[in-house]
Amino acid sequence: MGDLLTGMGDSRLLLDIFRCRSEEFSAQERYLLARLVLLDDESLGLTVKELSDAVGMSSSSFINARNRLSEKQLINIRQVPVKSSESQLGLQLRGRPRKGIGINLERLRSYLSIGRVEPLGPVEERVGLIVTGIIEFQLNVKLALPTSHGDEMSPNASVRPESRVLLSVLWVHAAESGVVTGLGRKELALLSGLRVGQVALQVQKLIEQGYIRHWVPGMTCKGLFGVGSGVLFLNPAPIEAVGLGRPVTTYVQSDVLSGLRGLISKIHGVKAKLQILADMPSKDRKVGKGTPLYLSERGSLLTLLCSFHLDKESCTDEGLPDLLSGLPDEGALTDQTLEQGFLLDRVFLDGQVGKASRYLCARLMVYAGHLLTDLAKMGLQTQPTRDEVSNELVARITKEAIPGYLKLEEDQYEWIGRLLSGFALQLARDAWNAVERQRGGLNRFQRQVGVYQIIPQKGEVDFEVVFWSAHT
């Protein structure tokens, strides 16, 4: 007989259902198993019709998923003692036998590769409550989630089990801010039990229903991020629905993103001027033809780099490391130096391409949200500074953003990583300032901001910030 795990174990088991990577574990099976974990013992003895209605599945879908789970020995189908009705007792008849369900915990833990059950941390506890809410919402309940158009979403009766499973997977694998990175369609298919071709369709449905606020599709870049997976910004409204706080949104107009685009444009301008000098006979360079224009562009580029880099001194002629040897000053304009190539042009090779530019901006916003959320845990009271950008965040940005095929030296990786971290810091500052302007109209609990989500926008607003307390 199977036993049902209750209490803290339920949340642990629920989260692990949506962490399991398996092509043989379908979305319908995951959904049914999650619902069974959350049902009480009495509910497990209901009829097929009663139980399928209780979990929001058709009888045929329920039976198919139940039988597949039984074949995997994850549940036991067993006879349930049935009490006869009064009319049946009068006729000395017995009620029709029922098939109940028991969960085979030992087999399930083995299937999900669960070892020792550790207590859940605060973040996992909150995620467990969110996923419980996603799975358990009754089909006649309307959850008011604002869509990108400002309207309330449609009743969640339209949220089918497959969509709920994918949304649960996204929340389980999201950062605390409700942002998902590092999961491509194949990985999401393995985690959800969907086919690869179904993932994008379900994501689009969740966007239309308001559960996902923004999606930046993955792409292959020639420079930064290489083969980058998509970025999904989840609507944090379920946090309010399960009583974990009330997210607040504010909109931000910022010069940071235009500054980034300006830097990339300047890099390509310097590259063009360098190419003109490289194609020029050396005797013409010696008399200054084309050199003033290049030096002017070079000076402007260094000024821009200095305004964003975490280490301003590394962007001056005195502080420039060998990694920028492809950016020679007036005394080093030789055939040899001009043939070395330009490092920044390689790094931002496709930064002017619309899709690549939007992808880069979205990833920097994610890092800015991480920075503010981490600092909030340490009692952030003022605008974040360069010194507060942790080495751990810089290392993460460096590792995720700079692909190995650029073949940079170790100090070059670090320098580029600190440049990108500088952009994330500037975005975090603008977001923090926008939140501070909102604090006056918030209640005491809303002012205790602990989590920041920064979301790309189109039009006059560069991005929006959603923030909420991290306390239950």
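Note that the numbering runs from 1 along the sequence shown for the chain.
Crowding of Asn67 atom CG: a count of heavy atoms from other residues, nucleotides or ligands under 6.0 Å exceeding 12. Few gaps surround CZ on Arg418; more than 12 heavy atoms of other groups in view lie less than 6.0 Å from it.
Taking 4.5 Å as the limit, every side-chain heavy atom of Tyr31 sits out of range of all side-chain heavy atoms of Ile17. Taking the side chain as every heavy atom from C-beta outward, Asp462 and Asp430 never approach each other to under 4.5 Å. A heavy-atom distance below 4.5 Å is not found between the side chains of Ile103 and Leu74. Using a 4.5 Å heavy-atom threshold, the side chains of Phe233 and Ile454 count as separate. Inter-residue side-chain proximity for Ile264 and Leu360 is flagged as met; some heavy-atom pair is nearer than 4.5 Å. Looking at Phe463 and Ile455, their side chains never come closer than 4.5 Å, going by heavy atoms from C-beta outward. Arg109 is not listed as a side-chain neighbour of Asp16, based on a closest heavy-atom distance of 4.5 Å or more. Two residues are said to be in side-chain contact when any heavy atoms from C-beta on lie closer than 4.5 Å; Val394 and Val389 meet this criterion.
Under the 4.0 Å criterion applied to side-chain N and carboxylate O atoms, Glu176 and Lys377 are assigned as salt-bridge partners. Salt-bridge check for Arg66 with Glu29: failed, with every basic side-chain N at 4.0 Å or more from each acidic carboxylate O. Between Arg396 and Glu400, at least one side-chain N (NZ, or NE/NH1/NH2) sits under 4.0 Å from a carboxylate O, which counts as a salt bridge. A salt bridge between Glu162 and Lys205 is absent, with no side-chain N of the basic residue lying under 4.0 Å from a carboxylate O of the acidic one. A salt bridge links Glu124 to Arg19: one of the charged nitrogens lies within less than 4.0 Å of a carboxylate oxygen.
A donor-acceptor contact shorter than 3.5 Å links the side chain of Arg429 to the backbone of Pro384. When atom types are taken as modelled, the side chain of Tyr359 and the backbone of Thr220 share no donor-acceptor pair closer than 3.5 angstrom. Looking only at distances, a side-chain donor or acceptor of Lys72 sits under 3.5 Å from a matching main-chain atom of Glu24. At distances below 3.5 Å, at least one donor-acceptor pair connects side-chain atoms of Glu388 with backbone N or O atoms of Thr385. Judged by distance alone, the side chain of Gln412 and the main-chain N or O of Glu409 form a donor-acceptor pair under 3.5 Å. In this structure, the side chain of Ser61 does not engage the main chain of Met57 through any donor-acceptor pair within 3.5 Å.
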Distance-only check: which donor-acceptor pairs under 3.5 Å involve side-chain atoms of residues 188-203, not counting sequence neighbours?
unit_1, atom_1, unit_2, atom_2, d
Ser192, OG, Leu188, O, 2.7
Ser192, OG, Leu194, N, 3.2
Gln198, OE1, Arg195, N, 2.8
Gln202, OE1, Ser163, OG, 2.5

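When Val169, Leu234, Ile212 are each tested for a side chain to side chain contact (heavy atoms under 4.5 Å, CB included) with Val180, only one passes: Leu234.
Contact record, Gln453 with Pro236: OE1-CD, 4.2 Å, taken as the closest heavy-atom pair. Between Arg68 and Ser26, the shortest heavy-atom contact is NH2-OG, 3.5 Å. Contact detail for Asn235 and Trp171: the closest heavy-atom pair is O-CZ2, 3.5 Å.
With sequence neighbours excluded, the residues that form a ring-ring contact (aromatic ring centres under 6.0 Å, His included) with Phe25 are Tyr111.
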For Glu136 and Arg35, what are the C-alpha separation, side-chain angles and deciding distance, and is it a salt bridge (Lys or Arg N to Asp or Glu O under 4.0 Å)?
CA-CA 7 Å; Glu136 278 197 328; Arg35 290 305 304 259; 5.5 Å; no

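Side-chain atoms of Gln383 and Asn433 form a donor-acceptor pair, as typed in the model, at a separation below 3.5 Å.
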